[in-house]
Amino acid sequence: MMQNQIRIAAVIPAAGIGSRMGLTEPKQYLHIAGKTVLEHSVAAVAADPRVEAIYIAVAANDTWIKTLNFTERCPVRLVVGGASRASSVYAGVSAAKTDGFAWVLVHDAARPCLQSDELKAVIDAGVTHEDGAILALPIADTIKQAQASGPQDIAQSIPRDRLWRALTPQVFNTVQLSNALTKLGVDNAAITDEASAIELTGGHPKLVVGRQTNIKITQPGDEQLAASFIALMKQ
Ligand SMILES: Nc1ccn([C@@H]2O[C@H](COP(=O)(O)OP(=O)(O)OP(=O)(O)O)[C@@H](O)[C@H]2O)c(=O)n1
Ligand SMILES: C[C@](O)(CO)[C@H](O)COP(=O)(O)O
């Protein structure tokens, strides 16, 4: 498969409300390092020429998206997201499938610090491995499981050998991912990332080492950390 024949649609789930941030606006519309978190994430996935279209899943009642102006080299389309991340992803994947893209790359709007070397690596692996590929990081800390009765009382330590934490982007064959999400249902709580859907339908996506800086803005203060990482990337 010639690399110039690889046409990828990026799907950006951006229909969440960012409740854990405790803000009045969704975290993807926070301004850091001169533009919104979403604009950083869109620009990050557009950095690879194999990405030929970007589908952003936004909430049906989103009033912020129309204030943004995307100037990427490839078309940016909006689709209506849903009540779950998986449903938002499914809306973008379905649009990409309709438009004839054989490959999809899913990247959280809340991960604005993606770097181009990570993007290239996960695309290279995702389009050559039969079950796709995801960016991930091996767990470097000791893992504790809390007691059911006490959320901050240790029940046990979990062996961390062979444990990784998933990041995004995640890259898959469009039909394979679409079929998995259709079969499992987008309200299936077990589907917290796209790889989960592939795994639950028998696949084994490739793990590609990402960067520690590829954080997901989730809790208060993460936006400052992301802004610092973006400033460092520009140096
Ligand atoms: N129904 C949803 C829920 C989440 N997302 C997107 O999925 C990404 C990762 O989800 P998360 O960090 O959980 O975002 P939120 O759901 O907005 O955060 P919270 O759980 O704190 O409300 C985010 O870019 C978010 O916008 C989405 O498109 N549709
Ligand atoms: C997709 C993801 O970012 C991989 O770690 C993560 O599963 C998203 O979880 P969230 O609770 O929807 O943020």
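Every value quoted in this text rests on a predicted model; they were computed, and no experiment measured them. Remember, it's 1-based here, ligands and their atoms both numbered in the order they're listed.
Checking side-chain atoms of Q28 against main-chain N and O of G16 turns up a donor-acceptor pair under 3.5 Å. Remark: side-chain polar atoms of T98 are paired, donor with acceptor, to backbone N or O of S94 under 3.5 angstrom. Between the side chain of Q170 and the main chain of E194, a donor-acceptor pair closer than 3.5 Å is present. At distances below 3.5 Å, not a single donor-acceptor pair connects side-chain atoms of D108 with backbone N or O atoms of A110.
Ligand 1 lies under 4.0 Å from heavy atoms of P13, A14, A15, G16, I17, G18, S19, R20, K27, Q28, G82, A83, S84, R85, S88, D108, A109, A110, K216. Ligand 2 is surrounded by R20, R85, D108, R111, A166, T168, T192, D193, K216, each with at least one heavy atom closer than 4.0 Å.
Annotation: cation-pi geometry satisfied between R7 and F101 (NZ/CZ under 6.0 angstrom from ring centroid, within 45° of ring axis).
For the side-chain contact (heavy atoms from CB on, under 4.5 Å) with P169, the lone residue among V51, L114, D48 that qualifies is L114. Just one of D62, T63, T36 meets the side chain to side chain donor-acceptor pair (under 3.5 Å) condition when paired with Y29; it is D62.
No more than 12 heavy atoms of other residues, nucleotides or ligands lie within 6.0 Å of CZ in R162, so this atom counts as exposed by the packing criterion.
For the pair D117 and R211, the salt-bridge criterion is met [side-chain N within less than 4.0 Å of a carboxylate O].
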